Protein chains: 2
Amino acid sequence: MSSSEPGTSPSAAPRMDERTGAARLRSLPTRLLSLAATHSDRLVNEGLAAADARKWHFAVLATLEESGPASQAELSRRTGIYRSDLVSVINELTDRGLVERAPDPADRRRNVITMTERGRARFARLDELVTELEDEVLAPLGPAERDQLARLLARLVDHHARRDG
Amino acid sequence: MSSSEPGTSPSAAPRMDERTGAARLRSLPTRLLSLAATHSDRLVNEGLAAADARKWHFAVLATLEESGPASQAELSRRTGIYRSDLVSVINELTDRGLVERAPDPADRRRNVITMTERGRARFARLDELVTELEDEVLAPLGPAERDQLARLLARLVDHHARRDG
DNA sequence: TACTAACGTTAGTTGGACCAACGAAATGTG
DNA sequence: CACATTTCGTTGGTCCAACTAACGTTAGTA
């Protein structure tokens, strides 16, 4: 695949894996990944904060919207939020009247988290907001490129999620 | 591939921007970006830590290797490290005998940071290590896909770097 | 019964990104 | 020249996300 022979390429710019020094630094995928994520996170966090929300709020509401009521442990698994951090997230959501936390009669270790009507409406609004923020982050890319990026990233995430559980 | 026209594709999966609930959550580019960066950062940090190094060490050495001696302020600009954080990074590098910090006679506000012979050798080793780590992070992708990913990310970083300086 | 595992919770650590403000030194402006 | 502004290295913080440890409670299991 992709001629491993150097010198056969007539391109003006050096191949990425042949760069050295700071030029290599600037094109290092892991570095670009970090930088892009930093910018993206900032934009998303600021956007959500302006609407009195956080990333995790959206993640939890989205999961409840799709799968219905769930225990905190289950929400933790599906969203990737640590169960210790999830406590305060659920607190914030209940404070805003978006979800309800009730003990599970069938298993008294568990709490059942249920989305309220207000929570559903809220999620719809956040969903739109997130769409706008995604658009802002991905502004320089066309639709096909956005799909491609998402697919490549999903492959990476998938691969590494399997390895460390 | 990449027919930018919707509806022409016979794919079974829904288009990414038409998903709802948790399925959308799982395919959100900003989320994938965060997750991928988290995994990548962890791998790289652990790998470098095992060699008594850190990301910033590599960044500084790479910059010095390419452009020669520089002031801390200049290194800060080129690597993106905050100038306040750079202080301890330079300390760590001098402690290991990889760079030298000397006052600049031409501008007595500045320090001139110069790479030592040992620093050059060290950089060569770190360079190889980073190559291995990159390979581990990008394991699930082929060479062409890696290039594509790097290019897409570079476009994002470029775009957002201009906006906030 | 006793042991093990899961659950929610509290309290903590670690590390990265970032800001404020300082004295010293340089540069610009009148 | 004098004065204001800017730059530089440095100190000492803040804030937040990711992560860990441990505890009491409850459920399954041998």
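Model, not experiment: these values are computed from the prediction. Letters A, B, ... mirror the listed sequences (proteins, then strands); counts begin at 1.
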Charged N to carboxylate O under 4.0 angstrom, [X] versus [Y]?
X: Arg110(B); Y: Glu74(B); answer: no
X: Glu92(A); Y: Arg54(A); answer: yes
X: Asp158(A); Y: Arg151(A); answer: no

Once you round it to whole Å, what is the distance between [atom2] of [N] and [atom1] of [X]?
X: Arg78(A); N: dC7(C); atom1: CZ; atom2: C1'; value: 16 Å
X: Asp104(B); N: dT7(D); atom1: CG; atom2: P; value: 17 Å
X: Leu86(B); N: dG16(C); atom1: CG; atom2: P; value: 14 Å
X: Arg110(B); N: dT7(D); atom1: CZ; atom2: C1'; value: 8 Å
X: Leu43(B); N: dA18(D); atom1: CG; atom2: C1'; value: 15 Å
X: Asn111(B); N: dA26(C); atom1: CG; atom2: P; value: 13 Å
X: His39(A); N: dG16(C); atom1: NE2; atom2: P; value: 17 Å
X: Tyr82(B); N: dG13(D); atom1: OH; atom2: P; value: 20 Å

Taking only side-chain N and O atoms of [X], does any of them lie within less than 4.0 angstrom of OP1 or OP2 on [N]?
X: Asn45(A); N: dC15(D); value: no
X: Arg109(A); N: dA6(C); value: no
X: Arg42(A); N: dG16(C); value: no
X: Arg101(B); N: dC8(D); value: no
X: Gln72(A); N: dT9(C); value: yes
X: Arg108(B); N: dG23(C); value: no

Kindly point out which of [options] is positioned nearest to the side chain of [X]?
X: Thr38(B); options: dA18(D), dT10(D), dC7(C); result: dA18(D)
X: Arg83(A); options: dC8(D), dC7(C), dC18(C); result: dC7(C)
X: Val87(A); options: dT10(C), dA17(C), dA18(D); result: dT10(C)
X: Arg54(A); options: dA21(D), dA26(C), dA17(D); result: dA17(D)

* Touch class at under 4.0 angstrom, heavy-atom based, for Asp85(B) against every strand present ->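 The residue Asp85(B) makes base contact.
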
| message | Between the base of dC7(C) and the side chain of Asp107(A), is there a donor and acceptor pair under 3.5 angstrom? | response | no

Next on the checklist: Do Asp104(A) and Arg108(A) make a side-chain contact, defined as non-hydrogen atoms from C-beta onward lying under 4.5 Å apart?
Outcome noted: no

Any non-hydrogen side-chain atom of Ile90(B) less than 4.5 Å from a side-chain atom of Leu75(B)?
yes

Nearest heavy atom decides the nucleotide; on that basis, is Gly80(A) or Pro105(A) closer to the 5' end of DNA chain D?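 Whichever sits nearer the 5' end wins; that is Gly80(A).
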
- Message: Let me spell it out: for each of Ser84(A) and Arg77(B), pick the nucleotide of DNA chain D with the closest heavy atom. Which residue's pick is nearer the 5' end?
- Response: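 It is Arg77(B), whose closest nucleotide lies nearer the 5' terminus.
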
Of Ser71(A) and Ser34(A), the one whose nearest nucleotide on DNA chain C sits closer to the 5' end is Ser71(A)

Mark yes or no for whether Ser34(B), through its side chain, and Arg31(B), through its backbone, hold a donor-acceptor pair below 3.5 Å. no

